[in-house]
Amino acid sequence: MDGDGFRIAVLVSGRGSNLQALIDAQADGRLPARIVAVGSNRPGCAALDRAAAVGIPTFALRQRDFADRERMDAAIDAGLRHHRPDLVVLAGFMRILSPAMVAGWTGRMLNIHPSLLPRYPGLDTHARALAAGDREHGASVHYVIPELDAGPVIAQVRIPVLPGDDPDTLAQRLLSREHALMVATVALVARGGVALTPAGIQYRGTRLEAPLLLDEHDVLVAPTDPPAG
Ligand code: GRF
């Protein structure tokens, strides 16, 4: 960690509502960390505007300016390292990073994914949950490993699937809970409350056997914790 606290860099590709949740949480003191840079593979995306609006340094790169994926990933990596982040958060970052790049951030790169992993890695998670007849849907924050959406899951939030839901209503209902999950999980990591080791995720001195769950008060609880109150 640098002298000025826990430093976070965020990678984005689109609308940036998860980034905004982190910006807001930093502003009102819920996030014991500082967002030091926002990078993107989509110049001009709304998420970059959100960062620039609050004075966070941004960088954007286009694949067509690079000979291959590895070279662009190396440039993204350099863009991140310039800002010395303690943690990189993928928040709606729609690019699969090469294994070599990911390997350089083991235990220091998180992704938010809109499903209850290991169910539905990849795209169209809401439609796939509906097609499977799931009664419950949710989102996961996990450490990034080279395999897509397959890293150890730190925390999840669950929501019910309601009669009449379509992929859009489900996605919309999940989104506000995703934001709370993102903030709570990044705050936990920033406080040093969880860490990735070769033996798995360490939490309160032991191995986390199942993801933490975000409760209705936006508190992360271990699945075995007794209910609050
Ligand atoms: C979110 O649903 C996130 O889980 C997924 O992509 C979406 C990004 O939304 N990976 P936003 O750009 O943060 O608004």
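When reading the values below, keep in mind they use all heavy atoms of this one structure, side chains included, and skip hydrogens, waters and symmetry mates. In listed order, ligands and their atoms are each counted from 1.
Between His113 and ligand 1, a contact under 3.5 Å exists for no N or O pair. Checking only distances, Leu175 never comes within under 3.5 Å of ligand 1, N or O to N or O.
Protein heavy atom in closest approach to atom 11 (P) of ligand 1: Ser17 N, 3.4 Å. Atom 6 (O) of ligand 1 has as its closest protein heavy atom Gly92 CA, 3.7 Å. In this structure, the protein non-hydrogen atom closest to atom 10 (N) of ligand 1 is Ile112 O, 3.2 Å. At the top of the distance list for atom 5 (C) of ligand 1, counting protein heavy atoms only, stands Pro114 CD, 3.9 Å. Among protein heavy atoms, the minimum distance from atom 9 (O) of ligand 1 is reached at Arg15 NH2, 3.1 Å.
Using a distance-only test at 3.5 Å, with no hydrogens or angles considered, a donor-acceptor pair links the side chain of Arg7 to the main chain of Arg84.
Heavy atoms of Met94 found under 4.0 angstrom from ligand 1: none, in either backbone or side chain.
A chain of hydrophobic side-chain contacts below 4.5 Å, direct or via other Ile, Leu, Val, Met, Phe, Trp or Tyr residues, connects Val89 to Val54. Clustering ILVMFWY residues whenever any of their side-chain heavy atoms sit less than 4.5 angstrom apart, transitively, puts Val88 in a cluster other than the one holding Leu48.
Between the side chains of His179 and Ser17, at least one donor N or O sits under 3.5 Å from an acceptor N or O. Side chains of Gln172 and Asp168: no donor on one and acceptor on the other come within 3.5 Å.
Using cut-offs of 30° and 60° for the angle between ring planes, the His126 and His137 rings count as perpendicular.
By heavy-atom distance, the residue among Gln20, Glu178, His126 lying nearest atom 4 (O) of ligand 1 is Glu178.
Side-chain contact check for Ser40 versus Thr58: every heavy-atom pair is 4.5 Å or farther apart.
Look at Gly16 and you'll find a heavy atom under 4.0 Å from some atom of ligand 1.
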